[in-house]
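Everything numeric here is computed off the predicted structure, so don't read it as measured data. Lettering of chains follows the sequences in order, A, B, ..., and the numbering in each one begins at 1.
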Protein chains: 2
Amino acid sequence: MKFSDRKKRILTAIIENYIESAEPVGSKTISRTSGLGLSSATIRNEMAELTAMGYLEQPHTSAGRVPSPKGYRLYVNELMRKYKLSLEEMQAINYSLSQKAHQLDMLMGNIGRLASQLTNYPALALAAPTPATIQRFDLIYIDSNTFIIVALLSNNTVKNKLIHLPFSVEQGMVQKLSTLFNVNLTGITEDKITNILIDTLERASGDTMGLVSVIAGFAIEVLHKSQAGEAVIAGAPNLLRLPEFRDPEKAHRVMSYLSDINHLLELSELKNENRISDNVKVYIGPENIAEELQDSSVVLAGYNAGDNMQGLIGVVGPTRMDYSRVAAKLSYIAEGLSLLLASGEAPRGFDKLMIKGDDIDE
Amino acid sequence: MKFSDRKKRILTAIIENYIESAEPVGSKTISRTSGLGLSSATIRNEMAELTAMGYLEQPHTSAGRVPSPKGYRLYVNELMRKYKLSLEEMQAINYSLSQKAHQLDMLMGNIGRLASQLTNYPALALAAPTPATIQRFDLIYIDSNTFIIVALLSNNTVKNKLIHLPFSVEQGMVQKLSTLFNVNLTGITEDKITNILIDTLERASGDTMGLVSVIAGFAIEVLHKSQAGEAVIAGAPNLLRLPEFRDPEKAHRVMSYLSDINHLLELSELKNENRISDNVKVYIGPENIAEELQDSSVVLAGYNAGDNMQGLIGVVGPTRMDYSRVAAKLSYIAEGLSLLLASGEAPRGFDKLMIKGDDIDE
DNA sequence: AATTAGCACTCAAAGGTTGAGAGTGCCAAC
DNA sequence: GTTGGCACTCTCAACCTTTGAGTGCTAATT
């Protein structure tokens with residue numbers, strides 16, 4: 001029972017038909033549409049063998065065939081031909097990207113929404129954690145009860161916090177603290193900021209009112225968050241359009257799973273062997289570790305978020321997914337994002353500068 | 001056909017039964033459970049009248065009765081008795097609030113999630129737009145190619161942006177610009193920052209490299225965003241647990257509606273006449289303007305987000321909602337939030353300070 | 001030896017029928 | 001005014017039947 005070229009053609013035809021119709025595919029349909037010029041009886045024989053080999057499954061004896069995860073895997077790895085984005089599609093994506101870029105808010109949430117809109121699946125956007133250190137502190141004295149802490153991190157982001165005090169503090173003190181923190185708290189990781197260190201600083205600065213610990217607390221928080229990674233999901237309702245999620249139970253299971261940020265972050269830790277091209281990875285049904293995704297598929301594309309931050313966009317859908325189209329789109333979006341966010345080159349004039357700064361909102 | 005006290009008792013019983021069971025309620029059930037000591041026949045007569053008066057509806061002749069929106073409205077306004085939160089519930093809410101407060105990130109998203117978790121409905125968090133002006137600019141010089149813009153807004157938030165330049169600039173220039181912007185761009189609204197003004201500043205500063213427009217662009221963006229209002233939805237999958245959203249069509253319609261931020265923002269503009277207590281508003285079915293919410297209900301509670309910013313939390317659910325419980329919980333959460341976020345008083349020690357500063361992440 | 005026409009067989013899905021049960025409305029009696 | 005009783009209505013679930021798409025196998029054809 002060897003894997004003839006003809007079998008591959010037939011398998012491909014079945015999968016592509018099923019992707020469109022969501023209905024088990026029968027021999028007659030393939031005979032008619034595959035263009036192989038074979039009768040349904042012949043197809044039937046081949047289908048029986050493909051089933052025996054594990055590439056197809058049969059919901060019940062008198063139904064057509066449905067691709068198995070193994071079948072999809074072969075299809076994704078070998079069979080499917082690259083979907084060429086149409087000019088319109090590329091323009092649509094370019095347009096969306098430029099819009100967002102123009103609005104200057106290339107945040108996770110927007111990236112997710114973008115991916116979802118462009119693929120019509122629930123989409124997710126992930127940013128790998130980028131453990132950072134504080135490179136530089138600035139305390140801006142506003143008035144005797146107020147100052148702003150500004151911290152420039154090693155990952156090229158800026159964090160700030162407005163501090164209102166229930167007591168007065170002199171400008172000189174703020175200055176002093178600023179220097180102190182720049183000397184002692186820059187370049188170190190979160191776990192190095194111990195209570196002992198804080199005590200020492202408190203004594204060194206002569207601070208008796210807890211100012212040091214407020215600022216240190218801010219530092220800890222900022223560093224802590226930098227290690228967290230970010231994730232959002234967008235377009236979840238798209239799931240409900242799909243026949244495989246007609247069952248509210250199932251839809252609920254998957255949506256609940258996806259609405260937990262920790263679960264999303266797990267996706268970024270998926271193993272790499274499922275790479276189907278430079279930057280696209282595909283996880284089919286049981287290849288997902290998560291129980292809840294056992295009969296769903298995930299397609300991920302990596303992009304470069306600038307400042308050597310690694311980002312991921314992806315979609316979640318039924319195993320019956322238009323892998324080719326989705327992979328092509330995600331890949332194109334990811335590349336576009338990389339370009340837009342690249343540190344060095346500015347696509348057009350100052351736009352670049354603007355995108356680069358972050359932390360503008362929420 | 002007057003609206004006797006007995007009718008009210010019966011209506012109440014029907015509604016409360018229906019809220020629990022989600023099934024049309026029959027005369028026999030009420031006769032048994034209402035404790036009125038009336039036979040089913042009597043109840044039947046009363047029910048017929050309540051139906052004629054428009055407070056009840058009958059899915060079909062031989063089914064029990066279901067409350068109409070008018071019925072719910074009466075219930076919410078007059079009939080329902082205040083749900084008293086149990087000690088456990090209050091503790092649970094307090095705990096969740098203090099957790100969040102401790103993590104210092106009382107952002108929209110977290111507030112929404114909190115409300116959803118505590119009510120088991122999809123929840124939303126809204127912040128009314130707070131048009132702001134910039135009170136103060138600071139430019140922090142990092143190196144000859146880099147500086148940070150920090151802006152303190154009149155609504156007591158701080159925004160920043162890191163600017164990388166493709167050319168060099170002297171520290172003196174940065175200083176000069178800082179002064180210039182503080183003099184000319186503080187205290188004014190977005191529309192006042194015209195190209196003419198930018199030109200003038202450019203000439204005044206001797207800037208030939210577009211620095212002025214970069215900073216002005218930042219100012220415009222910041223001011224623009226401050227007028228936008230924020231909204232998030234959380235816990236949307238909760239919808240799918242409810243029998244009234246068993247139909248994926250319907251679930252999809254509502255979820256899609258809710259996942260558009262603009263639709264959420266519209267909710268904050270709902271009229272006020274539906275207030276049922278100090279800070280809780282209820283919109284029942286057709287009282288919602290949105291087509292998609294015609295048979296859903298919305299409960300909103302306002303909270304004070306500090307710095308005279310107005311916030312809203314709310315839930316969306318079927319008209320058959322446990323209004324009493326939901327209203328009580330939302331109200332309690334909203335009060336807790338107000339307290340936590342109140343500018344003046346610090347619940348305990350420095351925690352307050354920490355919460356106050358914003359802009360820490362995303 | 002590979003292909004195909006033909007045929008008997010299988011099974012899910014759709015449609016129809018029936019009976020049970022919950023509920024109503026109305027009337028006559030209390 | 002309230003209630004027991006009864007005829008009536010309508011949904012729902014269970015069951016049956018039919019239909020049709022699809023299969024696997026065999027025998028004939030190329």
Side-chain angles (χ1 to χ4, degrees), chain A residues 1-11 13-15 17-18 20-68 71 243-244 246-247, chain B residues 1-11 13-15 17-18 20-68 71 243-244 246-247:
Chain A
M1 205 190 311
K2 83 173 225 288
F3 208 151
S4 64
D5 207 58
R6 194 173 71 177
K7 275 202 184 55
K8 290 184 183 172
R9 302 271 289 276
I10 292 174
L11 181 57
I14 292 173
I15 292 182
N17 191 299
Y18 183 67
E20 261 202 55
S21 70
E23 308 266 293
V25 186
S27 53
K28 215 163 171 181
T29 317
I30 298 303
S31 163
R32 260 190 294 105
T33 63
S34 73
L36 289 171
L38 294 170
S39 80
S40 65
T42 310
I43 305 284
R44 255 195 311 281
N45 289 331
E46 295 283 41
M47 279 165 90
E49 291 185 22
L50 283 167
T51 307
M53 294 161 83
Y55 294 103
L56 294 177
E57 284 168 359
Q58 216 168 356
H60 52 86
T61 2
S62 73
R65 301 306 210 286
V66 160
S68 70
E244 23 273 288
R246 192 84 42 89
D247 173 20
Chain B
M1 204 188 316
K2 85 172 224 289
F3 208 152
S4 64
D5 207 58
R6 194 172 73 178
K7 277 203 183 56
K8 289 184 184 172
R9 303 271 289 276
I10 293 174
L11 181 56
I14 293 174
I15 292 182
N17 191 300
Y18 183 67
E20 259 201 59
S21 70
E23 307 265 293
V25 186
S27 52
K28 216 164 172 181
T29 318
I30 298 303
S31 162
R32 259 191 297 105
T33 63
S34 73
L36 288 172
L38 294 170
S39 79
S40 66
T42 311
I43 306 283
R44 256 198 308 282
N45 289 331
E46 295 283 41
M47 280 165 88
E49 290 185 21
L50 283 167
T51 308
M53 293 161 84
Y55 294 103
L56 294 177
E57 283 168 1
Q58 216 169 359
H60 53 86
T61 2
S62 73
R65 302 304 211 284
V66 160
S68 70
E244 23 273 288
R246 192 82 44 87
D247 173 20

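- At the phosphate of C:dC11, OP1 or OP2 sits under 4.0 Å from a side-chain N or O atom of A:Thr61.
- Put simply, the side chain of A:Ser31 never gets that close to the backbone of A:Ser27: no donor and acceptor are under 3.5 Å apart.
- Separating the CD atom of A:Glu23 from the C1' atom of C:dA12 is a distance of 12 Å, rounded to the nearest angstrom.
- The side chain of A:Ser39 lies closest to C:dA5, out of C:dA5, C:dG25, D:dT23.
- Side-chain contact check for A:Pro243 versus A:Glu23: every heavy-atom pair is 4.5 Å or farther apart.
- Considering only the side chain of A:Thr29, D:dG22 comes nearest among C:dT4, D:dG24, D:dG22.
- For the pair A:His60 NE2 and D:dA21 P, the interatomic distance rounds to 13 Å; values are reported in whole Å.
- One can find a donor-acceptor pair under 3.5 Å joining the base of D:dT9 and the side-chain atoms of B:Ser62.
- A:Asn45 has its CG atom 15 Å from the P atom of D:dA27, to the nearest Å.
- Distance CD1 (B:Ile43) to P (C:dG25): 13 Å, rounded to an integer number of Å.
- Base contact: A:Ala41 has a heavy atom under 4.0 Å from a base atom.
- Taking the side chain as every heavy atom from C-beta outward, A:Ser62 and A:His60 approach each other to under 4.5 Å.
- Using a 4.0 Å heavy-atom criterion, one finds that A:Ser27 contacts the sugar-phosphate atoms exclusively.
- Mapping B:Pro59 and B:Glu46 onto DNA chain D via the closest heavy atom, the residue that lands nearer the 5' end is B:Glu46.
- Interface remark: the B:Thr42 side chain does not form any donor-acceptor pair with the D:dT2 base, using a distance-only criterion of under 3.5 Å.
- Side chain to side chain, A:Arg65 and A:Thr51 meet the donor-acceptor criterion of an N or O pair below 3.5 Å.
- Other residues, nucleotides and ligands contribute at most 12 non-hydrogen atoms within 6.0 Å of the NZ atom of B:Lys28.
- We find that CG of B:Leu38 is positioned 14 Å from P of D:dG1, with the value rounded to whole Å.
- With hydrogens and angles ignored, a donor-acceptor pair closer than 3.5 Å exists between the side chain of A:Arg44 and the base of C:dG6.
- OP1 or OP2 of C:dT3 has at least one side-chain nitrogen or oxygen of A:Arg6 nearer than 4.0 Å.
- Per the geometry, CD belonging to A:Glu49 stands 15 Å off P belonging to D:dT23, to the nearest Å.
- Atom pair B:Gln58:CD and C:dG25:P shows a separation of 5 Å (rounding to whole Å applied).
- At whole-Å resolution of the value, CG in A:Leu50 and P in D:dT23 are 12 Å apart.
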